[in-house]
A.B. asks: 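What follows is a single structure, and I will ask about it in a moment.
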Amino acid sequence: MDLTPDSDDPPPEVTWAVRLQASRLVVREPNKREVPYPLDGKAFRLGRAEDNRIIVKAEFVAAHQLRFEPTGVGDGYRVRDLGGPCSLMFNGHQVPEHELRHGDVLRVGDPYTGSFVTITYQRLARTLAPSDDQQVPRCRLDLPEVTIGREGCELTLASLLVSRRHATVRALPEGHEVRDLNSANGTFVNGERVQQSKRLARGDIIQVGPFKLVYDGRSLDSYDHRGAIELKARRLMRVVGGGKVILDRVSLAIQPREFVAIVGGSGAGKSTLLGALSGFSRASEGDVLVNGDDYYANFAAYRGSIGYVPQSDILHQTLTVDEALRFTAQLRLPEDTGDAEIAARVERVLADVDIEDRRTTRISELSGGQRKRVSIAAELLADPSLFFLDEPTSGLDPGLEKRLMYTLRRLADGGRTIVMVTHATANIHQCDHIAFMADGRLVWFGPPADALQHFGVRSGDFADIYTKVDGDAHESHPLVQGELRTEYGRWREAHERGEPSLAELWELRYRRSDARTRYIVERLAGGTRAPAVKPSKLTTSQQNRSATSLTSMRVGAVTPEDRPEPARVSAWQQWLILVRRNIRLLAVDRRNLVTLLLQAPIIGAILVLVARPTALQDLQSSHGRLVLFLVALVAVWCGILCSARELTKERAIYRRERLANLRIGPYLLAKFVVLAAICLVQSVVLLSVLAIKVDFSAAVTTFTATGPVAVVRGVAGLGFFGALLVTTFLSSLSGLGMGLLLSSTSSTSDRAMSVVPLVLVPQLLLALALVSLPAGLAPLSYVTSARWAMEAFGSLTHLQPPRDFAACTIPGNPLSCPIYPTVDYDPSTAHVVEVWGVLLAYTALCVAVAAVVLARRDRER
Ligand SMILES: Nc1ncnc2c1ncn2[C@@H]1O[C@H](COP(=O)(O)OP(=O)(O)OP(=O)(O)O)[C@@H](O)[C@H]1O
């Protein structure tokens with residue numbers, strides 16, 4: 001029998017404990033519990049001095065910090081900042097005064113120390129009917145066709161995520177259909193992406209960026225969920241290999257603008273819970289609802305609204321802050337965003353994370369905390385409503401940690417729902433709630449200060465909770481003798497054998513607590529005002545217009561920071577941006593570039609030492625074949641070596657960008673093109689160095705059965721040297737393809753490099769240039785690109801094909817020795833071009849397989 005109450009439904013006795021007063025302020029000081037103050041319609045002050053109505057002890061607050069005054073309209077209030085070392089903050093911004101609305105959260109804090117007092121205004125009479133005074137904008141579908149888009153459309157949705165012309169709704173003889181206009185972020189109907197068009201049924205929900213448009217047969221009601229993302233999780237489970245449960249029926253509910261920390265010991269399941277909530281590593285059972293929608297099923301529709309900062313850095317270390325953010329902005333913002341707009345957006349996010357002064361610093365030269373803030377800034381470029389962070393404070397000193405927590409608090413206040421995993425609990429009071437995990441179980445979800453009380457920790461030190469939830473319980477355990485006695489007794493009644501873990505008992509205790517009822521059960525049971533939380537606003541003229549027939553309508557206020565949109569750029573544009581970024585990365589990583597560029601001259605110089613001047617003139621000897629085979633090998637090696645680490649070294653960046661709609665094709669091709677340019681330079685240098693000693697003359701005398709014949713070698717239009725260069729370059733490209741494939745399959749750069757010899761040695765031994773193979777095994781040579789390179793070289797140069805002198809039928813007669821099986825040095829141009837085609841196909845196949853491997857890796861998450 002399982003003792004755990006399974007249902008998250010509210011118990012029947014739960015009621016709303018409100019309506020005692022018309023309105024109140026709830027004040028929370030650092031490390032203290034919330035204190036409610038009823039409001040009576042009179043003016044009063046808040047500050048440190050004894051003559052304030054609300055006295056706060058925090059020393060950074062001025063003696064008289066805030067004045068609250070009735071507005072004279074109903075029971076409304078206004079707050080004014082009276083000045084002092086700290087200022088009044090609302091929505092993450094400093095304000096001199098503010099008219100209060102239900103749910104407003106004000107902070108008085110010190111940005112430098114990251115400490116603040118939180119004041120929440122609650123107009124209790126309104127809590128049961130929060131949307132009464134909010135009008136949902138309605139767009140009547142009277143026109144034959146209503147275009148939806150960001151600018152100049154009949155229905156204008158002012159958002160970062162909406163394309164200029166995003167979709168149309170067309171009238172049909174009966175009903176309507178919605179058609180996607182090749183929008184950057186897609187149009188979704190009931191969570192499914194509209195491929196071309198889709199006929200609408202009453203009640204269908206069209207999702208365009210952060211807007212939901214509810215179709216009722218004649219009109220569209222528009223809801224905007226920016227700044228109002230509510231996240232609910234019901235009974236999330238994650239079971240891994242061997243049936244191990246690493247996430248055990250976790251339910252929780254996070255409201256808009258809340259800042260929630262997932263804490264717990266190492267291996268407690270924090271990252272697993274974050275993965276399940278963010279959808280990047282999904283739960284095996286249970287639901288996640290975002291604003292009432294099944295999040296997993298609608299992941300594509302919400303993807304653009306999510307920010308995700310993983311543990312590893314997600315920007316290239318060799319770029320400056322400004323460069324890295326600009327490239328990220330170009331990738332995530334739409335194609336038509338101008339340079340000035342991008343610069344303004346970068347400026348804004350740098351200000352948001354308070355790091356403007358490091359704009360021109362290389363990321364590798366920043367401190368850990370600054371790097372984290374730049375990663376956060378990169379995510380803010382797309383203005384996410386839902387923000388997930390995995391240990392953003394790890395490795396930071398206490399001061400930086402505090403400031404980063406303050407930054408996140410401000411960002412949440414500014415209209416984001418933030419969930420983060422952290423080990424750092426010193427500043428945990430800046431969060432609205434903590435989700436305490438132990439052994440894959442949720443042992444607490446609620447305000448941090450209440451957690452201390454729940455776990456009976458009087459020291460005020462969160463670390464004491466960690467020790468209390470860790471380990472196994474048994475009858476003589478002090479906790480079982482004390483505060484967990486009841487839970488242990490219940491567990492014993494239900495289980496005949498074994499002992500529970502302490503986490504299991506704490507979970508039982510939490511499940512019986514008022515906190516769970518208040519912060520999970522009631523919240524989960526409270527319906528989301530479907531289909532979205534916050535109806536968007538219309539100006540009066542627009543409301544008038546929308547009330548009659550629609551000619552044009554605008555939803556959502558356009559602010560300067562709204563203008564750029566984190567939309568998916570086209571594949572072509574993405575490729576161009578990535579090419580530019582790769583070039584920049586190469587250019588700034590001088591040491592790597594010099595190493596790459598020196599490879600060819602150094603190896604060429606060594607080849608010069610061993611090559612004879614007549615190597616390519618004496619067609620009967622094997623020396624020419626050896627020299628050309630070495631050139632082919634070196635070309636393939638250079639290709640592999642310059643690309644084998646390319647994908648692994650930026651795996652974390654790739655993963656993050658992939659989640660934000662990076663396409664695999666442009667990504668791989670951008671790598672390919674830039675590295676191909678390096679290969680071309682290497683090929684030219686290699687042959688040029690060789691040409692210092694080796695005679696590359698096209699004219700040569702060859703001996704046939706009828707006697708000596710003078711021939712001019714080469715391919716029309718390219719000549720002899722040009723054709724040799726093409727062969728060298730194509731050989732190098734085949735190595736580049738192999739390197740990318742290798743890199744795509746390896747998880748780390750070291751692993752990729754350790755596999756390189758396994759690829760190179762077969763090139764040496766199986767290419768049918770130095771040693772023969774039995775006829776049955778000869779087809780093995782087809783998988784080595786060096787074989788095809790050698791075949792092209794041999795054909796171009798009119799070389800004698802290699803013979804197996806150990807198998808001659810007439811001893812001493814070389815012509816009686818068999819040519820290596822399958823080798824064909826047919827000197828015709830057609831044959832040479834055919835072999836070049838094979839080399840190109842070889843390269844294309846490697847890149848295509850690399851793309852498939854990357855796509856499969858996506859599914860591993
Ligand atoms: N794919 C998996 N297969 C098997 N076990 C896994 C898998 N992923 C996680 N685990 C295990 O699940 C447990 C929880 O892992 P998780 O990464 O969520 O812990 P965490 O609380 O984030 O730990 P830390 O603070 O050390 O990062 C760990 O014991 C981990 O070894």
Side-chain angles (χ1 to χ4, degrees), residues 231 233 235-252 254 259-286 288 295-296 308-314 368 371-372 375 387-396 398 401 404-405 408 418-428 431 433-445 448 451 455 461-472 500-504 506-507 510 651-652 655-656 659 747-748 751 856-861:
L231 190 67
R235 302 178 55 73
L236 296 181
M237 283 197 68
R238 176 108 194 258
V239 184
V240 291
K244 185 180 172 197
V245 178
I246 58 171
L247 194 63
D248 200 351
R249 292 166 303 167
V250 172
S251 299
L252 46 81
I254 302 172
F259 177 22
V260 172
I262 303 174
V263 295
S266 188
K270 302 181 294 295
S271 301
T272 308
L273 177 59
L274 188 81
L277 292 176
S278 64
F280 293 151
S281 186
R282 297 178 184 182
S284 6
E285 281 175 41
V288 178
Y295 179 52
Y296 292 171
Y308 178 64
V309 180
Q311 274 185 35
S312 25
D313 288 321
I314 48 170
R371 274 212 293 275
K372 264 298 172 241
S375 290
F387 210 170
F388 298 97
L389 303 103
D390 199 350
E391 297 200 28
T393 54
S394 66
L396 304 190
E401 180 192 309
L404 185 64
M405 291 289 279
L408 292 173
I418 298 186
V419 185
M420 69 158 189
V421 167
T422 185
H423 276 290
T425 48
N427 300 290
I428 207 78
C431 301
H433 297 293
I434 56 171
F436 208 112
M437 297 295 295
D439 208 9
R441 298 163 190 273
L442 183 72
V443 294
W444 171 260
F445 181 75
F455 288 100
D461 185 356
F462 263 84
D464 292 346
I465 303 181
Y466 285 66
T467 47
K468 282 191 139 179
V469 299
D470 187 30
D472 285 331
S501 64
L502 286 171
E504 214 170 334
W506 281 114
E507 183 195 39
Y510 178 62
R651 173 87 66 218
R655 268 177 69 90
R656 177 61 199 107
L659 291 168
S747 48
T748 63
R751 208 164 287 168
R856 287 178 76 96
R857 288 197 148 214
D858 281 353
R859 276 176 240 136
E860 283 171 17
R861 59 166 202 249

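Indexing begins at 1, ligand by ligand and atom by atom, following the structure's order.
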A.B. asks: List the steps, then state whether side-chain hydrogen bond (donor to acceptor under 3.5 Å, both in side chains) holds for R655 with S312.
C.D. replies: CA-CA 11 Å; R655 268 177 69 90; S312 25; over 6 Å; no
A.B. asks: Which residues satisfy the side-chain contact (heavy atoms from CB on, under 4.5 Å) test with P448, sequence neighbours excluded?
C.D. replies: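 For P448 the side-chain contact (heavy atoms from CB on, under 4.5 Å) partners, ignoring immediate neighbours, are I428, I434, F462.
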A.B. asks: Looking only at atom types and distance, does a side-chain atom of D439 sit under 3.5 Å from a main-chain N or O of R441, one as donor and one as acceptor?
C.D. replies: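 The answer is no, because no donor-acceptor pair under 3.5 Å joins these two groups.
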A.B. asks: Which pairs would a plain distance check flag for residues 265-277, meaning a side-chain donor or acceptor within less than 3.5 Å of a matching protein atom at least two apart in sequence or in another chain?
C.D. replies:
{"residue": "K270", "atom": "NZ", "partner": "G264", "partner atom": "O", "Å": "3.1"}
{"residue": "K270", "atom": "NZ", "partner": "G265", "partner atom": "O", "Å": "2.7"}

A.B. asks: Going by side-chain contact (heavy atoms from CB on, under 4.5 Å), name the residues that satisfy it together with D470, two or more places apart in sequence or in a different chain.
C.D. replies: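 side-chain contact (heavy atoms from CB on, under 4.5 Å) check on D470 returns nothing, list empty.
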A.B. asks: Taking any residue with a non-hydrogen atom under 4.0 angstrom from an atom of ligand 1, which ones do you get?
C.D. replies: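 Its neighbours under 4.0 Å (heavy atoms only) are V240, K244, I246, G265, S266, G267, A268, G269, K270, S271, T272, E391, H423, given by chain and number.
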A.B. asks: Quiz question: by atom type and distance under 3.5 Å, do the side chains of S375 and R656 form a donor-acceptor pair?
C.D. replies: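 Their side chains do not contain a donor-acceptor pair, so the 3.5 Å distance test is not met.
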